[in-house]
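Following: one structure in structure tokens, then a few remarks.
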2 protein chains.
Amino acid sequence: MHSVKDEIRRIGLVKVSEPRERLLRTATRLFYEEGINGVGVDRVVAEAGVTRATMYRHFPGKEALVVAYLEHEDAMIRDLFAAAADQAATTGASPSDLLALVIDGVADDATRLHTRGCPFINASAEFPDADGPVRAVVRRHRDWFRATLTELASAADAEDPAATAAALVLLRDAMLVGSYLDGGDVAASFRSTARRVAGLASLT
Amino acid sequence: MHSVKDEIRRIGLVKVSEPRERLLRTATRLFYEEGINGVGVDRVVAEAGVTRATMYRHFPGKEALVVAYLEHEDAMIRDLFAAAADQAATTGASPSDLLALVIDGVADDATRLHTRGCPFINASAEFPDADGPVRAVVRRHRDWFRATLTELASAADAEDPAATAAALVLLRDAMLVGSYLDGGDVAASFRSTARRVAGLASLT
DNA sequence: GCAAAGAGAACGAACGTTCTCTCTACATTC
DNA sequence: GAATGTAGAGAGAACGTTCGTTCTCTTTGC
């Protein structure tokens with residue numbers, strides 16, 4: 001006998017989301033848009049269409065859900081970098097072109113997806129314990145981000161790869177914060193400034 | 001008959017703080033260091049040595065206390081600017097010198113007092129309602145900050161005062177975030193970069 | 001048959017807020 | 001100068017709500 005889910009799957013309309021998926025997606029949306037401490041577990045499970053028991057079956061507690069949320073954000077940015085690298089590889093782009101691609105991707109991400117600041121900066125405002133698991137994810141993310149940019153800058157023959165990466169991290173932080181609190185098209189000035197500090201042609 | 005407070009006052013050891021003062025000072029410390037939503041009213045009144053009733057006599061509610069906290073932060077930065085202006089006036093410093101003084105003051109403030117990020121950025125992470133009173137304070141502060149820097153840059157004969165001010169705001173945001181999350185001496189690079197974008201001599 | 005999910009009650013704790021009661025400080029009045 | 005009135009602060013109980021978490025029970029899917 002076929003279930004409703006089977007039927008949906010068979011028709012191929014939509015893939016039925018597993019509870020964990022829905023939980024993570026809902027938590028990502030709510031935590032980012034309304035702050036972590038401002039959103040209770042009840043809200044998350046209700047909007048995810050899941051019961052509390054199911055949530056605690058997948059996550060030991062709320063903090064684990066927060067960590068999963070941040071790791072999901074981290075994975076998305078890594079995907080962005082990977083996509084840029086793929087595109088550069090297939091089109092035979094130079095390391096400088098790849099750096100430009102990454103800069104464009106980051107700017108695009110900020111204007112389309114992350115209009116309420118940086119998830120990691122925001123989470124750090126709510127989690128003062130520097131030794132806690134949440135801040136550990138933030139640290140890992142930022143370390144990876146900086147290290148990756150250093151590699152890219154190095155491959156693109158930047159004069160001082162570490163300094164270039166530091167400047168790009170700085171610019172991205174400021175762009176995310178600025179576009180959230182001040183509005184306006186900060187992404188455009190980010191792109192031009194980032195290209196300049198990266199030693200790229202500032203055409204566009 | 002003399003009370004304990006009278007005695008303390010008479011001896012002149014310490015000036016007894018008014019409850020409102022203690023509340024605001026305690027709230028400022030706790031909200032900044034542990035996040036706003038993470039600190040309950042009980043914590044604030046307990047550490048301020050004040051009863052709940054007294055708090056609600058001075059503030060309509062917690063949100064009013066948050067607003068007062070941010071306005072206090074705002075006032076401190078304005079004082080910093082005023083002090084720099086006074087110093088410049090008494091020493092007959094040029095507008096460029098004043099701009100340099102302000103940059104130094106901001107850098108010094110970030111290294112000594114604000115090592116846990118920007119109070120306004122952090123508060124905005126916890127208060128998603130852009131139309132609420134908290135975000136209104138943030139907006140006022142940032143508008144004033146930008147406008148004042150524009151004036152200073154204009155007086156210092158910067159090429160593009162508005163762009164210079166925007167760059168300085170950006171740099172300050174990034175310094176505060178960076179020193180909190182990444183550690184290290186971000187203030188030094190802030191000073192040199194800020195002086196450069198402000199068109200000042202970059203000799204330390 | 002068994003693991004996973006739904007449904008919902010229940011827990012103690014903490015939240016923001018309001019209340020009553022007492023005491024002290026200080027200005028007004030006799 | 002002593003008595004009195006009043007506003008402000010201390011002490012603490014209590015409100016209803018929400019928090020994060022755990023529980024039992026039933027239903028579903030493979």
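Residue numbers begin at 1 in each chain, while the letters A, B, ... track the order of the sequences. What you see is a predicted model, and the numbers here were worked out from it, not measured in a lab.
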- Item | Pairing residues for A:D129 by the side-chain contact (heavy atoms from CB on, under 4.5 Å) criterion, not counting sequence neighbours | A:D131
- Candidate pair B:T51 and B:T54, rule side chain to side chain donor-acceptor pair (under 3.5 Å), full reasoning: CA-CA 5 Å; B:T51 59; B:T54 302; 2.9 Å; yes
- Query: Going by number, which of residues 122-132 of chain B have a non-hydrogen atom under 4.0 Å from DNA chain D?
  - Reply: none
- Task: Ignoring backbone atoms, establish whether A:R22 has a side-chain N or O less than 4.0 Å from OP1 or OP2 of C:dG6.
- Result: yes
- Query: By a strict heavy-atom criterion of less than 4.0 Å, which residues belonging to residues 64-73 of chain B are in contact with DNA chain C?
  - Reply: none
- Message: I want to check something: taking the side chain as every heavy atom from C-beta on, are B:M175 and A:L170 in contact at a cut-off of under 4.5 Å?
- Response: no
- Message: With a 4.0 Å cut-off on N to O distance, would you call A:R139 and B:D182 a salt bridge?
- Response: no
- Task: May I ask you to verify if any side-chain N or O of A:H58 is less than 4.0 angstrom from the OP1 or OP2 atom of C:dA4?
- Result: no
- salt_bridge(B:E47, B:R43) N-O dist < 4.0 Å: yes
- Note on the structure: With B:Y69 as partner, the option from B:F120, B:F31, B:Y32, B:F59 fulfilling ring pair (Phe, Tyr, Trp, His ring centres under 6.0 Å) is B:F31
Report all interatomic pairs (protein N or O, nucleotide N or O of nucleotides 14-17 of chain C) with separations under 3.5 Å.
from	atom 1	to	atom 2	distance (Å)
C:dG16	OP1	B:K62	NZ	2.7
C:dG16	OP2	B:V41	N	2.6
C:dT17	OP2	B:Y56	OH	2.9
C:dT17	OP2	B:K62	N	2.9
C:dT17	O5'	B:Y56	OH	3.3
C:dT17	O4	B:R52	NE	3.3

- May I ask you to say whether B:E33 pairs ionically with B:R29, meaning some side-chain N is under 4.0 Å from a carboxylate O? no
- Message: For B:D108, is there an ion pair with B:R191 - N to carboxylate O distance below 4.0 angstrom?
- Response: no
- Query: Is the centre of the B:F145 ring less than 6.0 Å from the centre of the B:F81 ring?
  - Reply: yes
- Task: Please state how far atom CZ in B:R57 lies from atom C1' in C:dT24, giving the value in whole angstrom units.
- Result: 12 Å
- Item | Residues which pass side-chain hydrogen bond (donor to acceptor under 3.5 Å, both in side chains) with B:D74, listed by chain and number, not counting sequence neighbours | B:R78, B:H141
- Message: Quick check on D:dG10: is either OP1 or OP2 less than 4.0 Å from any side-chain nitrogen or oxygen of B:T54?
- Response: yes
- Query: In chain order, what residues pass the side-chain contact (heavy atoms from CB on, under 4.5 Å) check against A:D185, with sequence neighbours excluded?
  - Reply: A:A187, A:A188
- Whole angstrom is fine here: how far is it from CZ in A:F31 over to P in D:dC19? 11 Å
